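Read through the structure below, which is laid out as structure tokens, and then see the notes.
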Amino acid sequence: MISNSMWSWWSELTGNKEELTLALLAISIITVVVSWYRSRKHTFPLPPGPRGLPVVGYLPFLDVNLHHEFTKMAQRYGPIFKLKLGSKTHIVVSSSDLAKVVVREQDDIFANRDPPVTGIAITYGGQRITFLSSLNVVTSMMWGKSLVDEEKSKDLGVELREVISKIVELLGTANVSDLFPVVARLDLQGLLREMKRQKKVLEGIFDRIMNERIATKVEEGGEQAGRKDFLQILLELKGENTASSFTFDQIKGLFTEIITGGTDTTSTMAEWIMAELLQNPKILKMVQDELEEVVGLSNIVEESHISKLYYLDAVIKETFRLHPPLPLLITRCPNQSCSVGGYTVPKGANVYLNVWAIHRNPEYWDNPLEFNPKRFINPDGTSKYDYNGYNFNYIPFGSGRRKCPGVRLGEKMLVYLLASLLHSFNWTLPTDKEHDLSDKFGIVLKKRKPLIAIPSQRLSDKNLYE
Ligand code: HEM
């Protein structure tokens with residue numbers, strides 16, 4: 001019955017060809033209009049941005065201090081803008097609202113990186129990297145005093161410093177291969193070849209450390225000092241041969257990441273903090289008064305004091321605000337086209353979050369250029385912000401799933417280092433040199449002129465310095 005009536009309806013309709021044509025036409029028009037409207041709703045324009053030249057794009061006009069340049073451009077083009085550099089599209093996000101869209105709301109889309117060619121060469125299995133110089137703390141955590149011979153251990157420190165600074169230099173050098181991937185195979189500047197050479201040197205150092213540890217029996221090695229170091233744990237896991245075991249390459253990869261990611265960021269920050277304190281003697285005195293109260297002038301700083309140094313913590317946070325070591329974070333690369341702030345961000349673009357601009361934006365911070373640690377302290381004395389990346393006005397360690405995995409270590413290393421330097425010594429600036437606080441862009445944001453400061457004894461007992 002049902003099928004009969006259906007077909008009779010169809011035959012009636014097809015009998016009247018004019019009506020059928022009109023109905024089909026009306027349906028087609030409605031479909032076209034609806035799909036046009038829908039597609040229009042979902043296709044946002046590309047963000048605004050400066051025009052560049054053919055082939056090279058905006059490259060010839062870009063100042064080397066990218067963070068300053070991008071901040072100026074945001075004032076002109078808005079909180080999201082695009083520019084073409086070589087054959088790649090670059091998108092710069094400079095507001096905390098849009099940063100949130102990238103690293104929170106669309107974190108899964110922006111979880112990829114687009115590492116430089118030299119960055120890929122130094123990793124084991126194409127993972128990731130960053131960089132140099134609180135090297136001692138990091139290496140002693142990783143492999144303690146692994147080499148039995150003290151002299152050998154010193155030589156190793158020197159070798160490691162050299163190779164890491166070369167690697168960092170290579171990572172920070174602008175590479176034609178990154179801007180024009182079509183010519184990457186030619187390695188026109190020879191940077192990839194040099195990075196591969198440095199990787200071999202680094203690998204040789206890691207091999208020596210691991211072999212010596214294995215030769216002096218895995219069980220004894222790290223435990224001599226009473227606790228296991230990182231190498232010891234990894235080698236033991238390797239020995240177990242389970243799913244959580246590490247291969248030698250993975251161990252080397254981890255070491256490379258920790259050394260390169262954790263050393264230069266930390267030492268650069270220590271320099272900025274000292275520079276700001278020497279510029280602000282009243283704040284320096286408050287830090288030293290706190291240290292005197294918590295640690296006492298007849299003691300040196302120990303780990304147990306760190307959590308009680310609230311004012312020093314605020315000073316460090318304020319320095320991170322004004323001088324974030326990675327001012328544009330590490331570029332993210334969306335795995336599909338998506339929209340941010342009403343604009344399309346194309347798949348594969350390089351996306352920068354301009355943390356330097358966000359940290360100095362007067363909409364988020366009162367008197368943003370003033371060095372004022374109190375903004376990080378609540379009226380009840382507790383800390384106002386943390387490094388977890390949930391408050392998008394303050395993200396020195398990044399945010400989302402690609403935020404810095406070394407936050408805790410970096411934070412602890414810094415407080416300990418600064419507390420020790422400021423508690424054990426009084427510091428002054430040389431009178432014949434101008435105290436300069438300007439910066440220069442690089443893989444890590446450095447002081448344009450290195451800090452020179454003169455220490456003098458602060459503690460009562462000379463024996464505490466031995
Ligand atoms: C003062 C200390 C440090 C600062 C300011 C810092 C800052 C950062 C920032 C801003 C990022 C990029 C995050 C993002 O794009 O959202 C990052 C990534 C990274 N950091 Fe740190 N970092 C520090 C210390 C460390 C330490 C001690 C380690 C190792 C133990 C480390 C290892 C890494 C690694 C491996 C990445 C890449 C993460 C990824 O791509 O998923 N960092 N760091």
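Order of appearance sets the numbers: ligands from 1, and atoms from 1 within every ligand. In this text the structure is predicted, and so the values were computed from the model without any measurement.
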Handout entry: ligand 1 versus Arg332: contacting region, heavy-atom distance under 4.0 Å
Key = side chain
Fill in the blank from the handout: The answer for which part of Pro324 has a heavy atom under 4.0 Å from ligand 1 is neither
With heavy atoms of [X] as the reference, note each atom of ligand 1 found under 4.0 Å away.
X      : answer
Ser399 : 16 (O)
Leu329 : 10 (C), 15 (O), 16 (O)
Leu409 : 27 (C), 30 (C)
Ile330 : 12 (C), 15 (O), 18 (C)
Gly398 : 10 (C), 13 (C), 14 (C), 16 (O)
Phe320 : 1 (C), 5 (C)
Pro325 : 5 (C)

Practice task
Apply ring-ring contact (aromatic ring centres under 6.0 Å, His included) to the pair Tyr364 and Tyr394, showing each step before the final yes or no.
Solution key: CA-CA 9 Å; Tyr364 315 139; Tyr394 187 66; over 10 Å; no
Between the candidates [options], which shows the shortest non-hydrogen contact distance to [atom]?
atom                    : options                : answer
atom 35 (C) of ligand 1 : Arg408, Arg113, Glu257 : Glu257
atom 19 (C) of ligand 1 : Pro405, Gly262, Ser267 : Pro405
atom 11 (C) of ligand 1 : Thr256, Leu326, Thr263 : Leu326

Handout entry: Set of side-chain contact (heavy atoms from CB on, under 4.5 Å) partners for Ala314, sequence neighbours left out
Key = Pro373, Phe376, Ile377
Practice task
Examine Thr265 against ligand 1 and note whether any of their N/O atoms are separated by less than 3.5 Å.
Solution key: no
Exercise for the section: If a pair satisfies salt bridge (Lys or Arg N to Asp or Glu O under 4.0 Å) and one of its residues is in residues 314-334, list it, with sequence neighbours excluded. Expected result: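 Residue pairs with at least one partner in residues 314-334: Asp313-Lys317, Glu318-Arg321, Glu318-Arg375.
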What I want to check is whether the side chains of [X] and [Y] have a donor and an acceptor closer together than 3.5 Å.
X      : Y      : answer
Asn393 : His359 : no
Gln288 : Glu292 : no
Asn299 : His423 : no
Thr71  : Asn354 : yes

Exercise for the section: Take every heavy atom of Met413, measure it against each atom of ligand 1, and state whether any distance is under 4.0 Å. Expected result: no
Problem - Trp356/His68 under ring-ring contact (aromatic ring centres under 6.0 Å, His included): CA gap, chis, key distance, verdict - result: CA-CA 8 Å; Trp356 192 83; His68 295 168; 4.9 Å; yes
Practice task
Would you please indicate yes or no on a ring centroid separation below 6.0 angstrom for Trp365 and Tyr385?
Solution key: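 Ring centres of Trp365 and Tyr385 closer than 6.0 Å.
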